[in-house]
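Right, one structure below, let's go through it.
The figures that follow rest on heavy atoms only: side chains count, while hydrogens, waters and symmetry mates do not. Convention: sequence-line order gives letters A, B, ...; per-chain numbering from 1.
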There are 2 protein chains.
Amino acid sequence: MSNVKKYSIEVRVWIEETEGAFLGIGKIWLLENIRKTGSITNAAKEMKMAYRQAWQLVEEMNQRAESPLVEKLLGGKGGGGARLTEAGERAITTFYELEKRIKDFAEKETQNLKF
Amino acid sequence: MSNVKKYSIEVRVWIEETEGAFLGIGKIWLLENIRKTGSITNAAKEMKMAYRQAWQLVEEMNQRAESPLVEKLLGGKGGGGARLTEAGERAITTFYELEKRIKDFAEKETQNLKF
DNA sequence: TATCAGTATTCATTTTAAAACATACTGAAT
DNA sequence: ATTCAGTATGTTTTAAAATGAATACTGATA
């Protein structure tokens, strides 16, 4: 028996747009937490991320998508909040489907890695 | 005609080992430059990377691979140098083949991305 | 019209990683 | 035994990124 180590393949998937990286797993998690908590503030807390950072990510997504992924509600009862748009919901679904297909393929394609 | 933006998918592939990321495109480039230049020093210069960093990457690769990917020559004529081992050569080939299959699949799998 | 919680934005601070610097070691060749 | 270019390694500087703190804005509700 020789010293055989286990190697596995990892794949990171993201969507690119003319100005660079547009949507990866990090922003998808943020979208999911916004859906779950109803606000950018609470989504950020959930992820132990600075509000400032979360807000900037949302801003960037909204500006670079064809239509906004997050709808922001200003003022009013509870101070406002944020919710996903239809496009935001679709983005999550689309991303995960794509990611799954690619990761499944990668795994299937990989056996007996040796270095 | 509506404002249709172009989105494309990007995929990053790397090899994972028990202790974490083991071999990705960055280390592969380093291996290629070592092969091309015959030393870690010159490979690092080629890549505008600090020698220290390049050396550490080589060290890590060698320790975590089943057998070293880079053979280091100490002292002597020209001060020494570094060259790829058989395993190092195979690592480059294996990595690129795997990466190509996965990227081709990803591209094929992706059309009409809309966000 | 005062409250309230979240959004919007700037600025200072901290954390982190990368690069730069410095110095010792190696061994063939002269 | 000196030279030489590359390896080996610790320490210091620099730069970039994330965080934190501070402040103004918003608008439904009581």
Side-chain angles (χ1 to χ4, degrees), chain A residues 12 14 19-65 67-85 87-88, chain B residues 12 14 19-65 67-85 87-88:
Chain A
R12 187 96 153 70
W14 71 95
E19 294 160 61
F22 163 62
L23 189 63
I25 189 64
K27 291 203 190 113
I28 292 292
W29 284 337
L30 178 56
L31 289 178
E32 293 181 300
N33 277 304
I34 288 171
R35 172 168 59 188
K36 177 179 165 194
T37 65
S39 78
I40 298 175
T41 296
N42 289 322
K45 277 179 191 152
E46 196 87 1
M47 303 172 74
K48 294 183 197 303
M49 164 189 282
Y51 167 80
R52 182 193 159 71
Q53 163 86 335
W55 177 85
Q56 283 175 333
L57 293 175
V58 167
E59 205 57 19
E60 197 192 314
M61 273 189 271
N62 278 355
Q63 283 172 18
R64 293 172 56 190
S67 63
L69 306 186
V70 176
E71 177 184 10
K72 291 180 275 183
L73 314 168
L74 242 180
K77 175 180 159 69
R83 70 162 71 107
L84 299 193
T85 61
Chain B
R12 187 97 153 72
W14 71 95
E19 294 160 60
F22 161 61
L23 189 63
I25 188 65
K27 290 201 190 115
I28 292 293
W29 284 337
L30 179 55
L31 290 179
E32 292 180 302
N33 277 303
I34 288 171
R35 172 169 57 188
K36 177 180 163 192
T37 65
S39 78
I40 298 177
T41 296
N42 289 322
K45 278 179 190 152
E46 196 88 0
M47 303 172 73
K48 294 183 199 301
M49 165 189 281
Y51 166 80
R52 188 193 160 69
Q53 162 85 338
W55 178 84
Q56 283 175 333
L57 293 176
V58 168
E59 205 57 17
E60 198 193 315
M61 273 190 272
N62 278 354
Q63 283 174 18
R64 293 172 56 191
S67 62
L69 306 186
V70 175
E71 178 184 9
K72 292 180 276 182
L73 314 170
L74 241 179
K77 174 181 157 74
R83 69 162 71 109
L84 299 193
T85 61

Using modelled atom types and a 3.5 Å cut-off, is there a donor and acceptor pairing between side-chain atoms of Thr85(A) and backbone atoms of Glu71(A)? no
Most 5' of Gly80(B) and Gly78(A) on DNA chain D, judged by nearest nucleotide: Gly80(B)
Closest listed nucleotide, where the reference is the side chain of [X] and the choices are [options]:
X: Arg52(A); options: dA8(D), dC11(C), dA20(C); answer: dC11(C)
X: Ser39(A); options: dT7(C), dT7(D), dT11(D); answer: dT7(C)
X: Ala50(A); options: dT19(D), dT26(C), dT7(C); answer: dT19(D)

Which pair of heavy atoms, one from Ala87(B) and one from Ser67(B), lies closest together, and at what distance? CB-OG, 3.7 Å
For a quick test of reading the model, state the closest non-hydrogen atom pair linking Arg12(B) to Trp14(A) and the distance between them. CB-CZ3, 3.7 Å
Quick one: is [X] getting a side-chain N or O under 4.0 Å of the [N] phosphate, OP1 or OP2?
X: Lys77(A); N: dA5(C); answer: no
X: Trp55(A); N: dA8(C); answer: yes
X: Lys72(A); N: dG6(C); answer: no
X: Thr41(B); N: dT7(D); answer: yes

Whole Å only: how far is the [atom1] atom of [X] from the [atom2] atom of [N]?
X: Glu71(A); N: dT7(C); atom1: CD; atom2: C1'; value: 14 Å
X: Gln53(B); N: dT7(D); atom1: CD; atom2: P; value: 15 Å
X: Gln56(A); N: dA16(D); atom1: CD; atom2: C1'; value: 14 Å
X: Leu57(B); N: dT7(D); atom1: CG; atom2: C1'; value: 15 Å
X: Glu59(A); N: dA8(C); atom1: CD; atom2: P; value: 6 Å
X: Ile40(B); N: dT26(C); atom1: CD1; atom2: P; value: 16 Å
X: Glu60(B); N: dA8(D); atom1: CD; atom2: C1'; value: 16 Å
X: Tyr51(A); N: dA18(D); atom1: OH; atom2: P; value: 18 Å

Interatomic distance, Lys36(A) atom NZ to Glu46(A) atom CD [nearest 0.5 angstrom]: 3.5 Å
Set out, in order, the CA-CA distance, both residues' side-chain angles and the distance that settles side chain to side chain contact (heavy atoms under 4.5 Å, CB included) for Asn62(A) and Leu69(A), then state yes or no. CA-CA 6 Å; Asn62(A) 278 355; Leu69(A) 306 186; 4.0 Å; yes
